[in-house]
Chemist: 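First the structure, which I've put down as structure tokens, then a few questions once you've had a look.
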Amino acid sequence: MNKNLLYRRIPKVDVLLEDEKIRELTEQYSYDTVLEAVREELDKLRALIGTCEDEAEGIREIEQLSVRIQEAVKAMHTPNMRTVINGTGTILHTNLGRAPIGERHMRHIADIAMNYSNLEYNLEAGARGERYSHFEKLLCKITGAEAAMAVNNNAAAVMLILSTMGKGKEVIVSRGELVEIGGKFRIPDVMEQSGATLVEVGTTNKTHYTDYENAITEETAALLKVHTSNYRIVGFTDNVSIAELVPLGKEREIPVIEDLGSGVLIDLSKYGLTYEPTVQDSVRNGADVVCFSGDKLLGGPQAGIIVGKKKYIDQMKKNQLTRALRIDKFTAATLEVVLQEYLSEKKAIQNIPALRMITKEIEEITRDAQELEALLQQAELPAQIQMEPCESQIGGGSLPLERIPSMAVTIHPEKITTAELELRLRHMPVPMIVRTMNDKIVIDVRTVDKKWYPKIAKMLKEEEILE
Ligand SMILES: *Cc1c(COP(=O)(O)O)cnc(C)c1O
């Protein structure tokens, strides 16, 4: 084949810019972005012809050039971050954005975001206010703590606490609690960054009261307890509970800090889950400072919430680091409305999507699965579609061993492989992320809002996903 001939058939930049469709683009977007796309697509085409072994294919690609340019310009102006359907059954999926926010809450946040607000303005006094004021009282009321604040995420909260209370001094922590949380967040590394010196006590599986007692020196600034919410050591184990640690701290006048990780505010054992210590328990047991995530079991925005004794919270609010770690207006507004739901446990369960999904009863899930299955059957797709029991997970490093009985709609494609189907589902107009098991696609309906069911059926049919 004659590559030179192919290269010569490639239209020149100025010819392309005269193309009617491309001229329309320069009017709609800008001349510069279109020109950039033209150049990039031309480079790609030349590279493709360079490696192409098939003349007919080369010609086809040249003919497609204008379309490719149009697509590239449109893609540049279409958000890459978009809604996906979570069919994995993992409720707090870190890669999929952890806790979704409820629609009513989001409308309030949009209102705050689209206007000016009293974020840091005290309307009574007509003077500067505090961004924590919108949710501090609520947090105190719900948890029983004296004071509260929030930073960007719980990793930042741990950092701020240690920097404020332990910088240049020693903080004692059990070896069994030196955890790494997703995204390479390691407790020992964070401690180092904060300027506190880590003093490890005990062994991986056992730490005793006397281990803490013997490690206390003149230099000890705090005792730290980390709730190992993303893994469990089972078997021959022992650790010192916060209730046992607090009297030791009191006796030696050393504050006790607890990093709870998940930060659950409701006793989930009432809903059939394993008991997880609540923030209220930690405060009641006398921890001086407690921190936890806003977007794990709390079901709110990404945030690191710190509650505890006013003396320490005040010090943290004054720490220069706080300025770097501070939450924005979206988070402050979201925290307030989500926390308000916790004034009634019933409302929290109903109105916070993550909690609603976690506590949804199997009867309701089964009805949902029947509804989705029926819609997919009606679409007459070339696939075997069935309802099957499955298990959901909490995710987000919370309750790692927990499996919640759930119901799935499974799809076994007849014309394509299951792997191909999984890939195509990820490329639908609204991508759907699923698990595969036993050569079937598993859609756990626990994490799929009902509003998506007709859309899923429509996309599978109209986009010919199974053909
Ligand atoms: C998840 C977790 C963190 C980190 O929280 P982010 O909000 O993700 O920053 C810190 N400590 C513990 C124990 C955790 O489980």
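In each ligand, atom 1 is the first atom listed, and ligand 1 is the first ligand listed. Note that the coordinates shown come from a computational prediction; the quantities given were computed from them, not determined experimentally.
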Chemist: Does Ser282 reach the main-chain N or O of Val279 with its side chain, forming a donor-acceptor pair under 3.5 Å?
Modeler: no

Chemist: Between His412 and Asp439, is there a donor-acceptor pair closer than 3.5 Å when you use the side chain of the first and the backbone of the second?
Modeler: yes

Chemist: Below 4.0 angstrom from a heavy atom of Ser293, which ligand 1 atoms are there? Numbered from 1 as shown, please.
Modeler: 5 (O), 6 (P), 7 (O)

Chemist: Are the side chain of Lys225 and the backbone of Val240 linked by a donor-acceptor contact shorter than 3.5 Å?
Modeler: yes

Chemist: Are any of the N or O atoms of Ser262 closer than 3.5 Å to those of ligand 1?
Modeler: no

Chemist: Under 3.5 Å between any N/O of Ala155 and any N/O of ligand 1: does that happen in this structure?
Modeler: yes

Chemist: Record the part of Arg98 in heavy-atom contact with ligand 1 below 4.0 Å; permitted values are side chain, backbone, both and neither.
Modeler: side chain

Chemist: Near Asp259, which atoms of ligand 1 are under 4.0 Å from a heavy atom of that residue?
Modeler: 10 (C), 11 (N), 12 (C), 13 (C)

Chemist: Tell me, please: is Lys296 in heavy-atom contact with ligand 1, that is, under 4.0 Å?
Modeler: yes

Chemist: Any heavy atom of Val158 closer to ligand 1 than 4.0 angstrom?
Modeler: no

Chemist: Between Gln393 and His93, does the side-chain contact (heavy atoms from CB on, under 4.5 Å) criterion hold? Intermediate values first, please.
Modeler: CA-CA 9 Å; Gln393 286 185 52; His93 201 301; over 6 Å; no

Chemist: Going through the checks in order, is the side-chain contact (heavy atoms from CB on, under 4.5 Å) test met by Met387 and Leu372?
Modeler: CA-CA 9 Å; Met387 241 173 78; Leu372 178 60; over 6 Å; no

Chemist: Do ligand 1 and His227 have nitrogen or oxygen atoms that lie under 3.5 Å from each other?
Modeler: no

Chemist: What I want to check is whether the side chains of Asn239 and Thr207 have a donor and an acceptor closer together than 3.5 Å.
Modeler: no

Chemist: Does Asp368 come within less than 4.0 Å of Lys450, counting only side-chain N to carboxylate O?
Modeler: yes

Chemist: If you count the atoms of ligand 1 from 1 in the order shown, which ones are under 4.0 Å from a heavy atom of Gly261?
Modeler: 12 (C), 13 (C), 14 (C), 15 (O)

